[in-house]
Number of protein chains: 2
Amino acid sequence: MSKEKDFYTQEDKMYVATDCVIFGFDEGNLKLLIFKRRVKPLVGAWSLIGSFVRIDEDVQDAAKRVLKEITGLEGVFMEELKSYGKTDRDPGYRCISIAQYALIRIGEYDKELVKRHGADWYDIDEVPELVLDHNQMVKDALDRIKRKARYKPIGFELLPEKFTIPQLQRLYEAVYRKELDSRNFRKKVLSLNVLIKLNEKDKTTSRRGAFLYKFDYKNYHKLLEEGFNFEI
Amino acid sequence: MSKEKDFYTQEDKMYVATDCVIFGFDEGNLKLLIFKRRVKPLVGAWSLIGSFVRIDEDVQDAAKRVLKEITGLEGVFMEELKSYGKTDRDPGYRCISIAQYALIRIGEYDKELVKRHGADWYDIDEVPELVLDHNQMVKDALDRIKRKARYKPIGFELLPEKFTIPQLQRLYEAVYRKELDSRNFRKKVLSLNVLIKLNEKDKTTSRRGAFLYKFDYKNYHKLLEEGFNFEI
DNA sequence: ACAAAAGTGTTCAGATTACACCCATGG
DNA sequence: CCATGGGTGTAATCTGAACACTTTTGT
């Protein structure tokens, strides 16, 4: 930055942070990754995972950086939620935060790293009180994925690469918070033509076993361009 | 702020701006309000209307402030679009911008004020090159209202208080960029039960005249709570 | 043989689409 | 009297919702 002229010296500067609402899905429940603060202010309080944005760092990159620092993951689905810009949101100093939400495969993160950072998964119904406006961020992120699930096949980011249709249904049930009819669900989801049936079964949840599928990203992108509707 | 302790002094501060993508609708065309910069840097270039966020000002309030400064309008529909946070987006200095989009009634703004600020309306298809990433903001805002029109009756913010159904249809056609069948459009829009038919006609576009309607905000909010679908 | 989850089809109601003519009026 | 935009109905199709039984297999 130093090579550029600063035309704006009479204006106010402030801190810019980014906070990540990190969702996972496990055993039928939607989960949230939060951690216990070890630095001032608010030591010991539960918080979303976030960081200040550095002056030589894109906001998106800052979000990717913290996600990687805590979970070891890269290249996962992450999207901006909205900004939180009230003057009084942080008692420390004027700081605005650009919240993001991420969907990760709960089997794939680096458990050692997560533990070392004092982070832990909470069932979405049992999230404790978080610092600042972080509970509001979680609420807004939940509303967002509920809506988003209507037109993007959001679930596949949260499931392992190979998954069964009953698993996918349980995920949608967790997001929508209501039970779905398995016949209609299966019919709808298969009609989208974005699932590839494999010759393997998952036998962990039933004696009979359920066929595994994987997501057909190629077909999916083709359909997106045609303006497809993924409503379940 | 000064009464609070600043815990974060080792972190980077930056400028935070907000830019408004201001839409209007006139004679069948969606329009954009932009203005010609009179200050350094980039004097004379076309730009969205924006401002730095002051340290004692909410981001939303900053957006409202600039909208009022330029158009004289208050209380119009305005919503956050997204943040633009790349390090190199502003050559002046590190500055992130929270873009907003607003929908205003093109007959109601303060024309004197707009002229005095060097602002002008451009047809959405004829927007000139704008400074920084402002063309991208416009594109993103257009995509947003296209999607938003599917589940919120967005059009009413852009039309005068009293409007005709053909007017409303032309607005939707401008947003979707395709022609709609007038019988189906009328059927659908009336079935939503959010229009109040008035005993007046608008005769400016036909000899016969078209009945004027107004939007039934009360009924609309009731329907929203029930989770209504406004797809046209 | 039985418990427990996986898998499968049909019917009905409501919504969406396509489509063509008469109406009212000012000039 | 005619040109112009406003206003109306119906049939065909598609989509979403409701609903119950058979299959598989480990124990």
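Chain letters run A, B, ... following the sequence lines, proteins first and then strands; every chain starts at 1. Quick note: numbers below take in every heavy atom, side chains included, and nothing from hydrogens, waters or symmetry partners.
Judged by distance alone, with hydrogens and angles left aside, the side-chain atoms of B:E173 form a donor-acceptor pair with the main-chain N or O of B:L180 at under 3.5 Å. Side chain of A:T18 to backbone of A:I98: a donor-acceptor contact under 3.5 angstrom is found. With B:R105 contributing its side chain and B:L159 its backbone, the two residues share a donor-acceptor pair below 3.5 Å. Distance alone, capped at 3.5 Å, is enough to place a donor-acceptor pair between the A:T71 side chain and the A:L73 backbone.
Within residues 200-215 of chain A, the residues having any heavy atom under 4.0 Å from DNA chain C are, by residue number, A:T205, A:S206, A:R207, A:R208, A:G209, A:A210, A:F211. Near DNA chain C, meaning a heavy atom under 4.0 Å away, there are no residues from residues 153-165 of chain A. Within residues 169-182 of chain A, the residues approaching DNA chain D are A:D181, by heavy-atom distance under 4.0 Å.
Residues forming a side chain to side chain donor-acceptor pair (under 3.5 Å) with A:R208 (at least two apart in sequence, or on another chain): none. Partners of A:K162 under the salt bridge (Lys or Arg N to Asp or Glu O under 4.0 Å) rule, at least two apart in sequence or in another chain, are A:E200. Partners of B:R37 under the side chain to side chain donor-acceptor pair (under 3.5 Å) rule, at least two apart in sequence or in another chain, do not exist in this structure. Residues passing the side chain to side chain donor-acceptor pair (under 3.5 Å) test with B:R177, sequence neighbours excluded: B:D125.
Geometrically, B:K86 does not engage B:Y84 in a cation-pi contact defined by less than 6.0 Å to the ring centre and at most 45° from the axis. Judged by the 6.0 Å distance and 45° axis criteria, B:K187 is not positioned over the aromatic ring of B:F185.
Atom CD1 of A:I70 sits about 12.0 Å away from atom CD1 of A:I34, to the nearest 0.5 Å.
Closest approach of A:R116 to A:R38, counting heavy atoms only: O-NH1, 2.9 Å.
Residue A:L195 contributes atom CG, which lies 16 Å from atom P of C:dA6 at whole-angstrom precision.
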N/O donor-acceptor pairs under 3.5 Å from side chains in residues 20-33 of chain B, not counting sequence neighbours:
unit_1	atom_1	unit_2	atom_2	d
B:N29	ND2	B:D123	OD2	3.4

Contacts under 3.5 angstrom, residues 210-219 of chain B side chains, donor-acceptor by atom type, not counting sequence neighbours:
unit_1	atom_1	unit_2	atom_2	d
B:D216	OD1	B:K218	N	3.3
B:D216	OD1	B:N219	N	3.0
B:N219	ND2	B:N193	O	3.0

Filtered N/O pairs between nucleotides 10-17 of chain C and protein, under 3.5 Å:
unit_1	atom_1	unit_2	atom_2	d
C:dT10	O4	A:K187	NZ	2.9
C:dT16	OP1	B:K188	NZ	3.4
C:dT16	OP2	B:K188	NZ	3.4
C:dT17	O4	B:K187	NZ	3.2

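Sorted by first and then second residue, the salt bridge (Lys or Arg N to Asp or Glu O under 4.0 Å) pairs involving residues 127-139 of chain A (not counting sequence neighbours) are A:R89-A:D133, A:K139-A:D143.
Think of the region where chain A sits on DNA chain D: with heavy atoms and a 4.0 Å cut, that region ends 5' and 3' at D:dG16 to D:dT27.
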